Every structure is written in structure tokens, then in C-alpha cells.
Colleague: 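Handing you a structure now.
Values in this document were obtained by computation on a predicted structure and should not be read as measured data. Every heavy atom of this structure was used, including side-chain atoms; hydrogens, water molecules and symmetry mates were not. First listed ligand is number 1; within each ligand, the first listed atom is number 1.
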Amino acid sequence: MKLRFFPLTLELRHAFTIATASRTTTPAMLVEIEHDGVVGYGEAAMPPYLGESQATAAAFLGRVDLSRVADPFQLEEILPAIDALAPGNTAAKAAVDIALHDWVGKKLGAPWYRIWGLDPAKTPVTSFTIGIDTPEMVRQKTREAAPYKIIKVKLGGANDREMIDAIRDVTDRPITVDANQGWRDPAEALRMIEWLASRGVVFIEQPMPRAQFADTAWLRERSPLPLIADESVQRLADVRRAVGVFDGINIKLMKSTGLREAHKMITLARALGLKVMLGCMTETSCAISAAAQLSPLVDWADLDGAVLIKNDAFAGATIVDGKIRLPDRPGIGAVKL
Ligand code: MG
């Protein structure tokens, strides 16, 4: 098997601001795995605040040697060996995982939703994300989000109530809130959540800093809205820690090291009674289409990453009337443009 990789800088349609950072581009790395006349595609998307870069991805991918892989279908053998090459590097590992799944699916002539036995009609609606912004811009972005059934808004800045009021000036559709660890005081967070519940908010993602498990558990006991872990839960081994602290988890391929572990995280979360959300970074339709293969299994999806960029390098899963539509193509369902 031959592995190739190419840097790509994703250009965002709007500057994107969350409680901890603001940016206009996202560095990414595209991966191709070729063997036996078939090419599998993968992608690492690396928002800078998570610590990976095109340089770290290139260094990691340079250490991945697939030349001696005898049976590319043995993903349960190959992927743990790649994971063991170095700690971290979760997006770079995801790129290899996605490309290998794409290759296997193409060889089998089946999309992954079918290999996993999922009903493509059961894909969820996806939210459209609005970053921290002025009320004027929030009203404009809410109008742009008209086709979406759920608005996801980033809070944890200085103007949380203004942002919600600006959305409510335009629409009464359900809102989900992502505080991105932005609320530090549990009593204040509770007052904010009680107010948000009165404004038609459905759930709160990562209200408090990732390591404040005791404060988050205190908040959850009193919160009128479900709390969903994002930054607090990255990989399979973290899922158990969410029990009693959060009501659900947000799984992203770039945190989980790809599809294989994400699928296991969904299974474990279900067994532990947790709700499941499937999220993304700003990504091309390559990684988004890969994640979409899992979407019939989850309660909520936030897979708008490819819509937020100007230079998508792939066509794949689409969003029709706010709902994810899986292409009838083998592998992850993405084709290079
Ligand atoms: Mg989040």
C-alpha cells in the first residue's frame, strides 16, 4: 500500500470565533492510500488550538509505513499499530483511518453505512453553526441558515444574551448552545442555562472547562437542559468519565482518531445510557462524508463543516432540507473534485 499526503489550507466563508479562539483558515492534510488499483481518501482537519499542524501531521504520516501490510481488510490490526506510533496526533491518525475505510469500502463495493447495517433514511438533521459575533452579523447568519432546522450557537463570550436575542429576532427554530468551556462559575452557568431554557434552547455543549468534572456534575444535577461533553471527552477511554457528569457526548473523527474508534464510542455511550452527538471541525466533504456514514446511529448531528468553507476539495454527503443525505457510493462516499 502506498500512502501520500498533501497540505491544504481550508478558507472559511466567515471569520469564525469561539470562546477560546478566532480564525479565518483551518490547516488540513489530505491523505491518499493506493493499493491494487483503488485509491482511498482521508483528511486531517487541525484547528490550531488543538495543537496539531500541517508540520506535525507530515511528521506523523511520514512514520506510517503501510508497505508491509499483507491484508488491508484487517483494520483491527492495522489501526492500533498506527495509533501506537506516537501519542496524540488524533487528526493525522483519523486521516489514515478514513482513507483505509474508504479503500476497504471501495474494494467491497459498498458504502460504510451499509457495511455497518444502518438505514440511510435515518440520518438526522444537522445544525448550522453561528460563531461569536455582533448582533447584526448574528441576524445575517441566522437568515443565511434558513434551510437548517436547528441553529447551533457559540457562546461563552461577553455577549451571550445579545447573541440569543439576535437569533430570536429572526427565527423561533430550536437552538443548541456550545459554550466551548467558556463559563467558569457553576452558579452563574446555572443562571445562564435557566435563561436559555426559557429561550427555546435544546441542550448545552461543554459549559465549563474540560477538567472541571465536579463543577459540571453539580451543574448537571440542577440544569433544566441536558449537558453534552465535547472537550472533556476525546477518545474511547474517556467515555466512562462522562457518566454522572454529562448527559451525552459529542464525538468527532478528528478527536477519536477516525471512524473505527468513533463507532466503538457510540456503542459504549449507548451501553452507558449517554446521548450521542456527531460533530466536526471545519472540514472538506471528505471527512464530513466519512462521519455522515455513522450518522444514522446518533441523536444529534453537527456536520456543517464543509458548508463553512470556500474551497471544498470533495463532493460527498449533502444537506437537503437540513437533513444529511448519504450518497449511494462505496467507501466514505466522497469523490475528489
Ligand atoms: Mg463543541
Colleague: For D304 and T126, which I'm curious about, is there any donor-acceptor pair between the side chains at under 3.5 Å?
Modeller: no
Colleague: Is D302 close enough to the Mg ion (ligand 1) that one of its N, O or S atoms comes in under 2.8 Å?
Modeller: no
Colleague: Parallel, tilted or perpendicular for H263 and W116, by the 30°/60° rule?
Modeller: parallel
Colleague: Could you confirm whether E231 has any N/O/S atom lying under 2.8 Å from the Mg ion (ligand 1)?
Modeller: no
Colleague: Looking at D178, which of its N, O or S atoms is the nearest one to the Mg ion (ligand 1)?
Modeller: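 That would be atom OD2.
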Colleague: Among the N/O/S atoms of E205, which is closest to the Mg ion (ligand 1)? Give the atom name.
Modeller: OE2
Colleague: Please say which of I228, T129, I150 ends up in a side chain to side chain contact (heavy atoms under 4.5 Å, CB included) with T176.
Modeller: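 Result for side chain to side chain contact (heavy atoms under 4.5 Å, CB included) with T176: I150.
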Colleague: Tell me yes or no: between the side chains of Q140 and E136, is some donor less than 3.5 Å from an acceptor?
Modeller: no
Colleague: Which single N/O/S atom of D230 lies at minimum distance from the Mg ion (ligand 1)?
Modeller: OD2
Colleague: Would one find more than 12 heavy atoms of other residues, nucleotides or ligands at under 6.0 Å from atom CZ of R240?
Modeller: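 No, CZ of R240 has 12 or fewer neighbouring heavy atoms, counting only those of other groups under 6.0 Å.
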